[in-house]
Each structure stands twice: as structure tokens, then as C-alpha cells.
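Working notes for the structure below.
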Amino acid sequence: MAIYHEDEALGKAYDQKLMRRLLKYARPYRSLLAVCIVLLLVITGLDLLQPYLIKVAIDNHMNALTEPMLAFVPGNEPRPGISFDEYVFVREKEIKRDPAPDSGWAGRPIPARIEQNEDAYYLLMQFPGGDITRRELTPTELCIFKEYDTHAVIRLSLILLGALSLAFLLNYIEVYILQYTGLKIVSSMRLDVFQHLQRLSLSFFDKNPTGRLVTRVTNDMDALNEMYTAVLVNLFKDVFLLVGIIIVMLKMNVELALVSFAVLPVIVCVAAVFRKKARDAYRAVRVRLARINAAMAENISGMRIIQIFGREAKKFREFDEINRDYFHAGMQELKVHAIFRPAMDLISSLALALLLWFGGRRVMWGTLEFGMLFAFTNYLQQFFRPINDLTEKYNIMQSAMASAERIFLLLDADEVEPDPVEPVIIPRLKGEIEFQNVWFTYNGEDWVLKDVSFRIEPGETCAFVGATGAGKTSIISLIGRMYEISHGKILIDGVDIRNIPRHELRRHIGVVHQDVFLFTGDIKSNIRLGDLGITDEQVREAACFVNADKFIRELPGEYDAKVKERGATLSSGERQLLAFARALARDPAILVLDEATAHIDTETEALIQDGLAKLVRGRTTLVVAHRLSTIQNADKIIVIHKGRVREIGTHQELLARRGIYYQLYLLQYKEQMGVS
Amino acid sequence: MRQRLQVLDDFFLQYRYRYVIGVIILIVVDALQLVVPRLLGNMTDAFREGALTKQGLLHYIFIIIGVALLVAVGRYFWRIYILGTARLLDYNLRNKFFAHLETLSADFFNRHKTGELMAHATNDIHAVRHAFGSGVTLMVDAVFLSIATVSIMLTTIDTRLVLLGLLPLPFLTLVVIGFSKVIHSRFLKVQEAFAGLTDFVQENLSGIRVVKSFVQEETELARFRQSNEKLVSSNMHLVRIWGLFGPLVQYLAGLSFVIVLGYGGKLVILGDVSLGDFVAFTGYLGMATWPMMAIGWVVNTIQRGMASMDRLNLIFQVKPKITDHEDTVDIPGIEGQIEFRNLTFKYPDAASPALCGITLTIPKGMTLGILGRTGSGKSTLTDLLLRVYDPSPGELWIDGIDITKLPLATLRRDIGYVPQDSFLFSTSIGRNIAFAGDEFSREEVEQAAELAGVRDDIQEFPDGFDTLIGERGVTLSGGQKQRVAIARALIKDPRILILDDCFSAVDTGTEEKILRSLRGIRRGRTTILISHRISTLKEADEIIVLDEGRIIEMGNHESLVAAGGLYAEIHEGQLLEAELNSDKET
């Protein structure tokens with residue numbers, strides 16, 4: 001299984017070359033991404049505000065009644081304070097600068113503070129000259145002081161509410177923009193890949209299984225989407241948060257900050273070990289899951305053989321082994337996470353203990369405020385979150401890089417169909433076809449066509465006859481230049497087809513394949529096939545002309561009837577008729593028919609024969625022939641045997657020769673002749 | 001609920017104590033975690049009162065470290081006990097699923113596609129595991145932590161503050177429940193769009209030949225763009241609500257803090273609440289947001305797990321159609337005499353019978369040839385002989401016993417079968433040949449390979465008989481695969497050997513050689529050769545020609561050629577073909 005191999009090949013999580021190519025796709029969106037980053041900066045700031053606000057609330061208000069104050073004469077206070085008696089009291093710590101300059105005693109602030117003794121509160125004021133007044137505050141008076149703080153705290157909570165609301169709004173906008181750009185980037189990449197696929201030559205598709213290519217356009221792209229949206233900008237978020245916390249902590253208190261960072265090396269080490277272990281475990285789980293899927297798929301498709309050979313027990317043992325392997329790998333992954341996550345929490349608790357020990361003593365000594373310590377315990381918790389996040393992004397990065405590598409490998413596939421340097425445009429093709437000593441191989445080893453030469457005049461009907469694998473279908477593919485020939489020349493109206501632009505060439509060739517391929521859509525669109533120059537009227541005319549109109553009119557919705565499951569609801573005869581209409585609508589000079597071998601009921605068969613006769617008129621027609629009637633009516637029969645042209649002539653001529661054609665005729669057509 | 005989990009009854013019986021232990025540890029861990037905020041609160045008050053000594057501080061710190069250690073150890077163990085047991089459940093359930101599949105008959109596998117069954121084995125089993133892993137954890141957390149935090153807060157901290165502070169949290173639960181529903185349904189839409197895109201690309205790439213010959217690249221690109229756009233827009237539809245979820249949760253949790261800061265701060269200043277209680281409360285609040293969200297998630301996780309369990313149960317409830325019954329005759333083995341008595345057989349869901357009025361006796365030791373076009377009923381005969389499908393009672397007899405009364409294992413043990421598609425497993429070639437039993441020696445394997453004419457081929461591979469088949473080893477040619485499949489049947493030296501059209505990719509020379517050695521070893525044993533090639537059959541003791549489910553001709557090669565029927569006609573055609581193919585290039 002392809003998936004099996006791909007999952008085993010989990011590479012590195014970061015590859016500069018790949019990254020550079022990936023970022024190229026992000027370029028058109030760089031302004032939106034810049035907006036995201038600015039938003040993230042603001043959001044990070046808002047996130048960091050919360051512990052700070054609580055710190056201010058605790059230190060300046062909740063725990064501040066007994067803090068030293070300065071009493072100002074009203075009008076002199078540097079900032080709003082508490083009006084009491086004839087003074088305005090302002091807490092010392094709330095004044096950033098030095099108290100107001102010395103301007104006479106009336107202007108000079110008076111140091112004051114509130115003292116608590118049992119249940120009584122006293123206001124102490126120290127006047128210049130050393131006089132100290134001490135008066136007891138009544139509960140109502142005390143309330144004036146407390147009211148100042150309660151108002152402040154409510155104000156702070158309103159600021160917090162504002163910050164939260166703003167963060168909420170910005171967060172949503174950021175997520176929205178980010179997801180939008182991520183999806184856009186990936187969808188443009190996906191478009192590129194699909195466009196590239198459309199330009200690759202058929203030989204590429206012969207070599208690469210469809211399923212694998214589909215995965216490139218779908219699942220691999222999804223992994224990239226996850227990388228763009230979940231990792232790339234959240235990476236910024238985490239880094240911003242981390243840097244922000246570090247800065248805030250350092251600014252608030254260098255010592256405490258350094259104490260908090262003391263665990264950082266431990267975290268980095270643990271995270272590094274975890275990263276490796278988690279990656280190994282994750283890989284093991286993925287590989288084993290793929291193995292389970294492969295075993296499941298194989299055993300279900302081989303169930304018949306297992307049961308017939310009575311090997312249920314043995315196969316169960318094998319499956320059990322694989323399943324148990326998966327279980328053990330899962331347990332291993334579980335253990336890695338079960339150790340790492342609690343370990344991270346433990347480290348954060350140790351950091352907390354360290355902080356409390358270091359800061360707690362300073363609080364006791366009075367050199368540190370309690371609110372500051374409390375804020376640090378909050379920041380410490382925030383500090384661990386981005387670190388945890390960062391380690392979790394690793395797996396996503398890894399699978400995204402693997403996907404990117406596969407996608408770029410596909411984009412680098414250069415088996416693009418080449419177009420001529422000096423194109424020759426033939427406005428109206430006559431339809432003369434000539435093969436000159438054509439040699440052709442699909443794989444570079446086995447010759448499918450060997451030195452094939454023939455000439456078909458304009459308007460002629462030419463039947464190709466031969467056993468399965470003789471090379472008939474290859475000849476037909478080569479006329480539309482689906483593959484490149486190795487030697488020789490193919491000429492249409494005397495021009496080497498390599499000099500005709502591919503699309504021009506193919507527009508002149510109408511193809512009716514044996515298994516008619518219908519696209520999802522409606523009947524109309526399947527006849528028109530994207531050529532908007534074909535009107536509804538012309539679609540109808542074409543269908544009428546080849547006898548397809550009758551059955552189409554019986555469908556629900558007629559020409560607008562939906563084609564489901566690639567036309568599975570239509571009979572093979574009906575699909576044939578549709579294909580005729582499709583070919584006719586484009587009025588090609590050359591018609592290529594890969595005749596169906598399937599049994600078709602006689603009524604439809606008659607319609608097909610009649611439609612075909614009309615279609616062929618006035619066109620050069622090449623048929624891979626299975627029906628005797630087609631062969632008998634052909635102007636020319638070319639007998640292909642083992643990659644060579646062995647006989648050319650009319651039916652009667654070739655029969656008379658008693659060669660290969662005669663034998664084939666006896667083998668394949670005698671039965672039909674008996675019927676006709 | 002009990003009925004729903006019936007399949008897992010024995011599992012829960014055996015392992016329920018693990019869950020009990022895990023849940024107990026989880027609750028202990030949760031309880032321990034509750035200590036820390038209180039501790040910090042007490043410390044705060046001690047600070048404020050200046051009552052804290054260095055000793056006291058150390059005391060607090062040691063408790064914090066001790067609790068942290070216990071919590072870390074506990075967390076490891078509840079993960080192992082709860083999540084680990086859920087993984088064990090995953091393993092157990094998948095084994096049961098596989099074992100159950102093994103009992104089901106061909107009929108079942110025709111109705112259920114491989115992809116569908118595999119989706120059950122992975123996605124559904126994972127969903128059940130999540131319900132019993134993280135689902136259980138979430139449930140315990142949700143119930144215990146929410147009750148515990150709220151009651152601790154209510155008993156130790158000012159009631160007004162607690163009630164007001166907790167006010168936004170129930171909305172959190174509602175948001176989680178409501179959002180996960182909407183998110184899930186929109187996510188399904190995204191998956192639908194993704195599947196649509198996948199289908200489109202699949203269609204385009206498998207029809208690339210048509211796309212190119214009709215110059216449809218541009219049209220297809222335009223259609224792809226549409227599909228691609230639809231994926232983007234359905235994703236954006238999801239993002240609109242999903243992107244709201246995270247910030248909204250953060251916002252609601254934040255609202256609690258706004259209340260605590262404003263109202264709680266006021267109470268602290270007024271002296272109604274101590275600063276320590278305030279600190280403890282912020283800690284508890286941080287803890288309470290998680291279980292409130294967990295309640296929302298647990299509802300969805302368990303709902304999804306149960307829906308998956310229901311889907312699995314639909315499969316588990318399918319009863320094996322072909323088994324031994326009470327009236328099964330106990331016999332040590334079969335001899336090889338086969339008798340069809342006016343057998344008519346119709347596949348389930350088929351409109352017309354595949355076999356009609358077959359009456360035929362194959363004595364023990366006879367080699368029977370069966371000729372017929374595709375769909376003439378050849379393979380149906382083998383399906384019935386191997387009891388892949390059961391015929392109506394009384395229509396097919398082996399050794400004079402109705403086949404439906406033969407023990408299934410004995411019957412299949414004594415029949416050797418080479419399938420048309422020569423299905424091989426992706427193990428080594430040797431193990432494929434020895435597939436039928438556990439104790440075949442290397443000599444036996446090599447001998448069987450020799451008889452099947454594939455020994456020389458195998459010995460040319462890099463690892464000989466140990467060469468792996470498939471992507472990780474060699475790719476066998478069609479003929480080699482067929483011959484390995486023949487060796488796999490021959491190694492059993494079975495009483496009845498059925499070769500179902502298994503020479504189609506083997507060249508005529510090799511085929512003749514194999515048939516010759518078969519004639520030697522199959523003397524006295526029943527052999528059935530099915531083919532559309534006369535050369536395979538012409539030496540058979542008796543040949544029947546099947547057409548549209550009926551025997552239309554019967555006899556040996558000479559008599560059939562002389563009769564001038566379908567057999568003779570096919571014979572003539574194949575002679576011509578042989579002549580044409582031997583025609584040398586000039």
C-alpha cells in the first residue's frame with residue numbers, strides 16, 4: 001500500500017528549502033498576515049494586562065489602607081486623591097515623581113498614614129517641624145478612605161472588562177483573517193497542483209496511480225492547511241506571549257523574574273527529550289495504524305480464501321499480533337505524554353515554590369509587596385502555556401513538511417506535454433493522415449508499434465483490425481499526440497503533428513471511446529463539453545441527428561437531466577449515442593471510433609448504426625473495428641499484428657489473400673456473419 | 001446502554017477494576033489540586049497579618065511541593081489506568097470485530113464494501129475508545145471538580161462573592177454544548193465538500209484521457225475552481241462559528257474575574273472578605289472553568305462514542321449464515337464422491353438462477369472438466385462445493401451426505417481450491433504456499449512448488465521462498481501468481497481439488513507440464529478443472545459444457561468434438577487462434 005510507505009517516511013519538521021517555497025504562496029497575503037501579527041501583538045498585550053490589573057488592585061487598593069500617604073492642600077495634589085478634612089490625601093506609591101516642589105509650607109505635602117490598633121483606626125499626620133497629630137477615625141470617616149479604594153477597584157474591573165471585550169473581538173477577527181488566508185493560500189496551491197496535473201502527459205499518468213495523485217490534491221493539502229493556520233501564526237502568538245511575559249516580569253521586578261526563569265533550562269531540556277520521544281512514539285503509532293489498515297483491507301478482500309482454506313484462526317492470530325503491536329505503540333505514546341505533561345506541571349509547581357520561597361521572605365522583610373508576588377504567580381502560569389503549545393505544534397509541522405515535499409515533487413514533475421516552437425495552424429483540416437515509419441513504446445523497452453506506415457485520404461473510412469494488444473488503440477492515441485513517438489513521423493494534411501499546437505490538433509479530432517466517459521453534470525454539458533460556442537439549439541440538433549434525442553427526451557429534465565455516477569444510470573447504448581452527439585457537436589474533420597464490443601439490444605444497435613453512418617459522412621474516420629458491418633463498409637482495412645502493419649486493403653481483397661485477415665475473420669467474425 | 005455494550009461485557013468484567021482504580025486516583029488528584037489555592041489563600045492572610053515566619057513559609061512551600069509530586073505521580077497513573085484501559089478496549093474491540101468478520105459469509109462482503117468496513121474498524125472504534133478514555137476522564141472531572149470547587153468555595157468563602165463570581169460559568173457549559181453541536185454539523189459539511197473535491201479529482205484523473213482528447217483542460221480547471229471554492233467557503237462557514245468558540249470561552253471565564261476583581265475587591269477593602277480568601281477564590285475559579293467546559297464536552301464525546309457503538313453493533317448483530325447445525329454429521333473426513341441432484345441455485349438479490357436443474361455424479365477419483373463462457377455458472381459450482389453459499393437441502397451430496405450437514409471445517413479441509421483471481425497474501429512466497437496448515441516443512445513447500453511448475457521461478461528471486469510478495473518485495477506476474485496459488489492447493493494433497501480457470505496466464509507448455517504431473521498425483525482422487533480453454537480440459541475423464549446455468553453438453557473430448565456443438569465450435573476457434581499466435585514475424 002502506498003499510504004503505508006508514505007507514513008513511514010516521516011521526515012524533519014523544518015526544511016528551509018521547502019519552507020521558502022511554501023512562504024512564496026503566502027506572499028500575496030502578506031498584508032493580511034501583517035494585520036494578524038499586529039492584532040496578535042495587541043491581544044498579547046491585553047492578555048498580559050489581567051495579572052497586572054489584579055496586582056494594582058491588591059497593592060494599591062485592597063492591601064493599601066495603612067500605606068503611607070501625603071496630604072495636599074486642595075488644588076495642589078498631583079493626582080486625584082481622598083478629600084478629608086481640609087486636605088487631599090494621596091498615597092505615596094501612587095505618585096511617580098518626587099512630591100511637589102517646595103513652595104512654602106502650605107504647598108508642601110504633609111506625610112500621613114492610617115494606623116490600625118485592634119478595631120480602631122487612627123489617622124497620623126506628621127507636620128513640618130515634627131508635630132505629629134493622631135486622631136481616631138469614626139467608621140463613617142474610615143469609609144471615606146475605603147470608598148476611594150472601592151471606586152478604584154471597580155474602575156479597574158471595568159478596565160479589565162474593556163480589555164477582555166477588546167481581546168474577544170480582536171481574537172475573533174484574528175482567527176477569522178488567519179483561517180481565511182490559510183485557506184486561500186492552500187486553495188491557490190491546490191489549484192496550481194491541479195493545473196499542473198492537467199498539463200502532464202499521459203505517460204505520467206500511466207506511471208503514477210490515480211489514488212496517489214488524488215492524495216496530493218486532497219490530503220496532503222489538508223496537512224499544509226493545518227500548518228498554515230494552526231502553526232505558523234500561532235507560533236507568533238506563543239512567541240509573543242513568551243517574550244511579552246518575560247519583558248513584563250523583568251520590568252516589574254528583575255530579581256523575581258530571574259528566579260522565575262531559573263526553571264527555564266530544565267523546561268527546555270525536558271521539552272527537547274519529550275519532542276524526540278513523542279515523535280518516535282507518534283511515528284510508531286502511525287506506522288502500526290497503517291499496518292492495521294493494510295491488514296484489514298487485505299484480509300477483507302482475501303476473506304473468501306481464508307474461509308475456504310479454514311485459516312480463520314491463523315489469520316486472527318496474525319491480526320491480533322498487528323493489533324497488539326498497535327496497542328503497545330499506543331501505550332508507549334500514552335506513557336510519553338503521561339510522563340511529560342505531569343512533569344511540566346510539576347516543574348511549574350517547583351517554580352512556584354521557588355518563587356514563594358524567594359519572594360515570600362522579601363514580603364516578610366517588607367522589601368516586596370504582596371500583590372507583586374501574586375502577579376508573578378499568575379505570570380508564571382501563563383508562562384508555561386506557550387511552551388506546552390510550542391512542543392505540541394511539532395507533530396503538525398512534521399507531517400506538513402512531508403506533505404509539502406511530496407507536493408513539490410509532483411509540481412516539479414516536468415513531463416509536461418510540449419508545444420511546438422513554431423506552430424502551424426491549419427484553419428480547416430482536410431483530414432489526410434499519414435504514418436511514416438512510426439516506432440512507439442510506452443515504457444522505453446517493449447515496442448508496441450514497429451515501423452508502422454500507412455496513408456489515409458481525406459474523407460476515407462479506415463478500419464484497424466487485429467488481435468487484442470496488437471497496437472490498434474496505440475495508433476489511435478498517437479494521432480491525437482497523446483504520447484510521443486520514438487522514431488518516424490505522423491503527418492496530418494502533410495504537416496508533422498509535432499508542429500501543430502496540441503489543443504488545435506485535438507480540436508479537429510472527435511473521439512468516441514469504447515467505454516464512454518461521462519462527466520458529472522447534465523446531458524447538455526456532456527454534449528457541449530465546455531465549448532460555450534455550441535448553442536442549446538446545436539446541442540439538440542446534434543443529438544437529433546445521431547438519434548440520441550429520443551431517449552434524452554424521456555429522461556426527467558430532458559437535456560438538463562443530471563448525469564449521476566458517471567452515467568451508470570444510462571445503458572451502454574445510450575452512452576454510445578451521447579458520445580456520437582458529443583463528437584458531432586464539435587464538427588471534427590477527423591473522427592476516431594473505438595468500437596464497443598458490449599452487447600447492445602437490437603433496437604439501440606439499429607439506432608447506433610444509423611447515427612454512425614450519418615456521423616461518418618464527409619469525415620476521415622478511423623475505427624478500431626469489432627463489428628463486421630463496419631469492416632465491410634470501410635474504404636480501407638489495415639491489419640495490425642504484433643505491432644506491425646501486415647495487410648492493407650478492402651474486405652474482399654484481404655479475404656482473397658487468405659492471410660492473417662482471413663484467419664482473424666474466421667476466428668472473430670464468423671459468428672456475427674451467421675447472424676447478419 | 002447495557003445492551004449496547006453487550007459485546008464488551010467480558011472486557012468490562014475483566015478490567016472494570018482498572019477503571020475503578022483510575023477513577024479513584026483521578027479523584028484523589030483532583031482533590032489534591034484543590035488544596036493549593038486554599039494554601040495560597042492562607043499564606044496570603046498570614047503575610048498580611050505579619051504572622052508568617054520563615055518556618056511557616058517553608059512549611060507552606062513543602063506542602064506545595066509535596067502536593068505537586070503526588071499530583072504528578074497520580075496523573076501518570078490515572079492516565080495509564082483510564083486512558084490505557086481505553087486503549088486496551090480499542091484493541092479488544094478491534095479483535096472482536098475482526099474475529100466476527102471472519103465468521104461472516106461471502107454474501108455479507110458483497111453487500112459491505114471494504115472501505116466501509118475499514119472505516120468501522122478505525123473511526124468508529126476510535127470514537128468508542130474516546131468515549132471510554134477521555135470521556136470517562138471528562139465526566140469524573142466535570143462531576144467531581146465542579147461539585148468540589150463550588151462546595152469548597154461556598155463553605156469557605158463569602159457566599160455572595162461566590163454566587164456572583166460563578167454566574168457566568170453555567171453559560172460556559174451551554175456554550176460548549178451548543179457550539180460543539182453546531183461545529184460538528186458544520187464540520188460534516190466541510191467533510192462533504194472535501195469528499196466532493198476528492199471525487200472530482202478522482203473523476204478527472206481517471207478520465208484524463210478523455211479530458212485531453214476533448215481539450216477539456218480549461219473546462220475542468222473551471223469546475224475544479226468551483227469545487228475548490230466550495231471547500232474554502234464551507235471551511236469559512238465553520239470558521240465563523242469555530243473561531244468564535246475559543247475567544248467566547250475565554251471571555252466568559254474572564255467575566256468571572258471581572259466580577260471577582262470589582263465586587264470581591266470591594267468586599268476585601270470593606271473587610272468582609274480577607275485578601276487570602278480573595279486569592280484562594282481566584283485560584284478556585286481558574287479550576288472551576290475547566291469542569292464547566294468538560295460537562296459540555298463529555299456530552300458530545302459520549303454521544304459520538306455511542307453512535308459509533310451503534311454502528312458497530314449493526315455489524316456485530318449480523319449472524320453468520322453458513323455454520324454447522326445441530327444436525328451436522330460428525331465424520332472424520334470426506335472421500336470425494338460428489339452428486340448434484342437436480343440442483344437449482346439463485347444468488348441472494350439476483351433476478352434469475354445461476355444454476356438450473358444440474359444433475360451430475362462425479363465418482364471418487366474422477367477428473368471432471370467444466371467448460372463455459374463467462375457467467376455460465378462455472379464458478380457457482382465451486383461456490384456451492386466449498387459452501388461459500390449453501391444450496392437448498394437435498395440437492396448436493398458428498399459421499400452420500402447432504403453437503404449442508406457436513407462439518408464446515410472438515411469439508412473445507414479436504415477440498416483444495418485454486419481461485420480464479422489467484423489471491424495471494426502479502427507475506428513470503430513460502431508462507432503463501434504453506435498457507436493451508438501450520439506444519440508444512442520446507443521440503444513439502446518446495447515439492448508443491450515443483451508440482452505447480454513455479455519452483456524454478458521462485459528460486460530465481462533474491463530471497464527464494466522467503467521473498468515477500470507485494471510492494472515490499474517482488475511483483476509476481478499473472479502466471480506466477482496462478483502457479484503459486486496452485487501450489488498452495490496442492491500442498492494439502494486434498495481429496496477433492498478444484499482448479500477454477502487458473503491457467504489463463506500460464507503459457508500452454510507449462511500448463512501441459514503441470515497437468516501431466518497432476519494426473520500422476522491425483523490418481524484415485526477427485527479433481528475438477530474449470531476453464532474456458534479446451535487445452536486444459538481435453539484429457540479429463542468427463543467434460544460438461546455449461547451455458548446459462550445449464551449443462552448443455554456432456555462427454556469426453558473426442559465425443560464432444562464429434563458432436564459438433566458449442567464445445568466443438570470453441571475448439572475450432574481456439575485452434576485457429578493458436579495457429580495465428582504461432583505465426584512468426586517476418
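Chain identifiers are assigned alphabetically (A, B, ...) following the order of the sequence lines, protein sequences preceding nucleic acid strands; residue numbering begins at 1 within each chain.
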Legend entry - Toward chain A, the part of F278(B) with a non-hydrogen atom under 4.5 Å: side chain

Inset, instruction - Kindly indicate whether a cation-pi arrangement holds for R240(B) with W242(B), taking the cut-offs as under 6.0 Å to the six-membered ring centre and within 45° of the axis. - result: no

Inset, instruction - With a 4.5 Å cut-off on heavy-atom pairs, point out which of I308(A), L161(A), L183(A) contacts chain B the most. - result: I308(A)

Inset, instruction - Examine whether an atom of T103(B) lies under 4.5 Å from a heavy atom of chain A, and if so say whether it belongs to the side chain, the backbone or both; otherwise answer neither. - result: backbone

Inset, instruction - Give a yes-or-no answer on whether the side chains of N299(A) and E318(A) include a donor-acceptor pair shorter than 3.5 Å. - result: no

Legend entry - Closest-packed option against chain B by number of heavy-atom pairs under 4.5 Å, given G366(A), A353(A), C143(A): A353(A)

Legend entry - Contacting moiety of T282(B), where chain A heavy atoms sit under 4.5 Å: side chain

Legend entry - Passing candidate, salt bridge (Lys or Arg N to Asp or Glu O under 4.0 Å) with R223(B), options E218(B), E217(B), E203(B): E203(B)

Legend entry - Side-chain donor/acceptor of R75(B) to backbone N/O of I339(A), under 3.5 Å: no

Inset, instruction - Answer yes or no: is there a donor N or O on one side and an acceptor on the other, between the side chain of N228(B) and the main chain of S187(A), under 3.5 Å? - result: yes

Inset, instruction - Output the option from R582(A), R199(A), K184(A) having the highest count of non-hydrogen pairs under 4.5 Å with chain B. - result: R582(A)

Inset, instruction - Examine whether an atom of L231(B) lies under 4.5 Å from a heavy atom of chain A, and if so say whether it belongs to the side chain, the backbone or both; otherwise answer neither. - result: side chain

Legend entry - Best-contacting candidate, G310(A), A295(A), S301(A), against chain B by heavy atom pairs under 4.5 angstrom: S301(A)

Inset, instruction - Counting only heavy atoms closer than 4.5 Å, note whether A409(B) contacts chain A via side chain, backbone, both or neither. - result: neither

Inset, instruction - Verify side chain to side chain donor-acceptor pair (under 3.5 Å) between S165(A) and Y251(B), making sure each step is shown before the conclusion. - result: CA-CA 7 Å; S165(A) 307; Y251(B) 186 64; 3.1 Å; yes

Legend entry - Atom group of E229(B) that falls short of 4.5 Å from chain A, counting heavy atoms: side chain

Legend entry - Best-contacting candidate, F77(B), F194(B), Y60(B), against chain A by heavy atom pairs under 4.5 angstrom: F194(B)

Inset, instruction - Return the orientation label for the F200(B) and F194(A) ring planes: parallel under 30°, perpendicular over 60°, tilted otherwise. - result: tilted

Inset, instruction - Report yes or no: is the cationic atom of K315(A) (NZ for Lys, CZ for Arg) under 6.0 Å from the centre of the six-membered ring of F309(A), at an angle within 45° of the ring normal? - result: no

Inset, instruction - Against chain A, work out which of T198(B), I259(B), I64(B) has the most heavy-atom pairs shorter than 4.5 Å and name it. - result: T198(B)

Legend entry - Check: I415(B) main-chain N/O paired with K492(B) side-chain donor or acceptor under 3.5 Å: yes

Legend entry - Side chain, backbone, both or neither of H126(B) within contact of chain A (heavy atoms, under 4.5 Å): side chain

Legend entry - Interface residue of largest heavy-atom contact number with chain A, from V71(B), V67(B), L88(B), under 4.5 Å: L88(B)

Legend entry - Residue among E312(A), R311(A), M364(A), K314(A) with most heavy-atom pairs under 4.5 Å to chain B: R311(A)

Legend entry - chain B contacts, top residue of W357(A), F374(A), Y180(A) (heavy-atom pairs, under 4.5 Å): W357(A)

Legend entry - Side chain, backbone, both or neither of L248(B) within contact of chain A (heavy atoms, under 4.5 Å): both

Legend entry - Toward chain A, the part of L408(B) with a non-hydrogen atom under 4.5 Å: neither

Inset, instruction - Specify which of Y263(B), F257(B), F245(B) makes the most heavy-atom pairs with chain A at under 4.5 Å. - result: F257(B)

Legend entry - chain B contact via R304(A) - side chain, backbone, both or neither, heavy atoms under 4.5 Å: side chain

Inset, instruction - Measure up the F98(B) and F316(A) rings against each other and bin them: parallel (under 30°), tilted (30 to 60°), perpendicular (over 60°). - result: parallel

Inset, instruction - Examine distances only and state if a side-chain atom of K146(A) and a backbone atom of I269(B) form a donor-acceptor pair shorter than 3.5 Å. - result: yes

Inset, instruction - Output yes when a side-chain donor or acceptor of R79(B) lies under 3.5 Å from a complementary backbone atom of L334(A), and no otherwise. - result: no

Legend entry - Segment of F109(B) engaging chain A (4.5 angstrom heavy-atom cut-off): side chain

Inset, instruction - Select one option (side chain, backbone, both, neither) describing which atoms of L386(B) are under 4.5 Å from chain A's heavy atoms. - result: side chain

Legend entry - Whether F425(B) and F423(B) hold their rings parallel, tilted or perpendicular, with breakpoints at 30° and 60°: perpendicular

Legend entry - Residues E220(B) and R225(B) bridged, charged N to O under 4.0 Å: no

Legend entry - Side chain / backbone / both / neither for L275(B) at chain A, heavy atoms under 4.5 Å: side chain

Legend entry - Interchain contact, V232(B) with chain A, by part (heavy-atom threshold 4.5 Å): both

Legend entry - Under 4.5 Å from any heavy atom of chain A - which part of F97(B): side chain

Legend entry - Residue among I80(B), T44(B), L117(B), D90(B) with most heavy-atom pairs under 4.5 Å to chain A: T44(B)

Legend entry - R94(B)/D320(A) salt bridge by N-O under 4.0 Å criterion: no

Inset, instruction - For chain A, find which of L101(B), V73(B), L411(B) contributes the most heavy-atom pairs closer than 4.5 angstrom. - result: L101(B)

